[in-house]
Amino acid sequence: MSSTNIENTIGTVLLSEEDIQSRVRELGRELGAEYDGKNPILVNILKGGFIFLADLVRAMDVHCEMDFMVVSSYENRTESSGVVRILSDLGLNIEGRHVLIVEDIVDTGLTLEYIRELLLARNPASLGVVTLLDKYEKRIVKVPIEFTGFRIPNEFVVGYGLDYAQRFRNLPYITVLDEGDLELAESREEETK
Ligand code: 5GP
């Protein structure tokens, strides 16, 4: 195996591919029942949420529409700055529609709170939230989350859409990166330059 292989770069697996797939199928069934006949708009928060959305909608047996927002809050760091930048806004008009925000992870809650307020101001018929991961220990704002995949401890995780400095999104599982892993990842990145 080459030293640039991602399997070789990373720390401790927190959620296996099987854990994730089976929970996402369950969530898809629950959401399918909740939104049956409502033709919801699923608002996916990019980039981290793209893999979750792709699996989730295939497990929801209802008509729905999808749209995307690109937000940036961490700027290559592993802690929230509290500053949310909308890099790309929705294309669809959500007024009078049932809207479901599809998030990868909620940590302090600042990003989600900002997005909720922004979307509520556009007068949707309803606004719900599904997050794959709820990293609840460092929550700063109490933001309502209707559907949660997994509650996880306060660790920095990557994989299944989540990155560190844009890498590791394509791992099919979720893994914890500690300081040593981050240093290793950075030195391997130097080697490949
Ligand atoms: P919050 O505003 O709730 O503190 O952070 C939400 C955003 O921070 C998420 O959408 C995600 O982009 C990023 N984030 C929070 N925790 C993690 C983590 O453990 N790993 C990664 N890769 N991103 C995280």
Side-chain angles (χ1 to χ4, degrees), residues 6-7 9-17 19-20 23-24 27 42-56 66-90 99-120 127-186 188-189:
I6 48 174
E7 295 283 346
T9 340
I10 32 89
T12 319
V13 175
L14 182 66
L15 297 166
S16 71
E17 185 172 0
D19 292 338
I20 298 170
R23 184 70 187 118
V24 171
L27 280 174
L42 274 59
V43 170
N44 194 209
I45 311 304
L46 295 175
K47 297 176 191 172
F50 79 106
I51 294 183
F52 178 40
L53 178 84
D55 284 343
L56 188 67
M66 282 151 252
D67 206 349
F68 302 88
M69 276 181 109
V70 184
V71 308
S72 170
S73 56
Y74 278 25
E75 304 287 342
N76 283 1
R77 304 211 312 265
T78 56
E79 283 187 21
S80 184
S81 60
V83 179
V84 181
R85 283 199 300 144
I86 304 293
L87 304 180
S88 172
D89 204 342
L90 299 178
V99 175
L100 178 67
I101 299 173
V102 181
E103 261 282 23
D104 50 358
I105 185 165
V106 181
D107 182 13
T108 62
L110 291 168
T111 307
L112 181 58
E113 175 69 1
Y114 183 89
I115 294 166
R116 278 190 83 255
E117 293 299 321
L118 191 79
L119 298 186
L120 279 173
L127 184 62
V129 174
V130 56
T131 186
L132 179 67
L133 305 175
D134 181 359
K135 209 161 79 169
Y136 56 94
E137 286 171 19
K138 286 201 344 203
R139 190 65 35 82
I140 293 174
V141 277
K142 264 200 169 176
V143 56
I145 301 174
E146 285 75 16
F147 300 88
T148 299
F150 301 93
R151 279 162 59 84
I152 64 165
N154 183 28
E155 308 268 18
F156 189 76
V157 292
V158 297
Y160 198 71
L162 289 153
D163 74 311
Y164 172 68
Q166 301 303 328
R167 301 180 109 190
F168 308 113
R169 293 191 198 278
N170 57 329
L171 291 170
Y173 49 85
I174 288 174
T175 185
V176 175
L177 284 194
D178 63 25
E179 288 294 318
D181 296 317
L182 292 173
E183 279 166 26
L184 194 60
E186 273 158 24
R188 293 239 163 96
E189 190 172 358

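Each ligand, and each atom within it, is numbered from 1 in the order the structure gives. FYI, side chains are in, hydrogens and waters are out, and symmetry mates aren't considered; it's all heavy atoms of this structure.
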Going through the checks in order, is the side-chain contact (heavy atoms from CB on, under 4.5 Å) test met by Phe52 and Leu27? CA-CA 11 Å; Phe52 178 40; Leu27 280 174; 4.1 Å; yes

Under 4.0 Å from any heavy atom of Asp163, which atoms of ligand 1 are there?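 Going through ligand 1 atom by atom, the ones under 4.0 Å from Asp163 are 21 (C), 22 (N).
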
Taking 4.0 angstrom as the limit and counting only heavy atoms of Leu162, give me the atoms of ligand 1 inside it, by number and element. 21 (C), 22 (N), 23 (N)

Search all heavy atoms of Glu146 against all heavy atoms of Val129 and return the closest pair with its distance. OE1-N, 2.8 Å

Write down the atom of Phe50, the atom of Lys47, and the distance for their closest heavy-atom approach. CD2-O, 3.0 Å

Is it true that a side-chain atom of Thr175 and a backbone atom of Thr12 form a donor plus acceptor pair closer than 3.5 Å? yes

Leu87 vs Leu46 side-chain heavy atoms within contact, under 4.5 Å: no

Which option wins on minimum heavy-atom distance to atom 3 (O) of ligand 1: Val143, Leu133, Asp107?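 Checking each option, the heavy atom nearest atom 3 (O) of ligand 1 is found in Asp107.
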
Between Asp104, Ile174, Thr108, flag the one that comes closest to atom 12 (O) of ligand 1 by a heavy atom. Asp104

Is there a nitrogen or oxygen of Lys135 sitting under 3.5 Å from a nitrogen or oxygen of ligand 1? yes

Residue-level breakdown please: for Glu155 versus ligand 1, do any non-hydrogen atoms fall below 4.0 Å on the side chain, on the backbone, on both, or on neither?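 Backbone only.
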
Give a yes/no verdict on whether any heavy atom in [X] is under 4.0 Å from an atom of ligand 1.
{"X": "Gly109", "answer": "yes"}
{"X": "Tyr164", "answer": "no"}
{"X": "Leu112", "answer": "no"}

Using a distance-only test with no angle check, is there a side-chain donor-acceptor pair under 3.5 angstrom linking Tyr136 and Asp107? no

Tell me yes or no: between the side chains of Ser16 and Asp19, is some donor less than 3.5 Å from an acceptor?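 Side chains of Ser16 and Asp19: pair found under 3.5 Å.
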
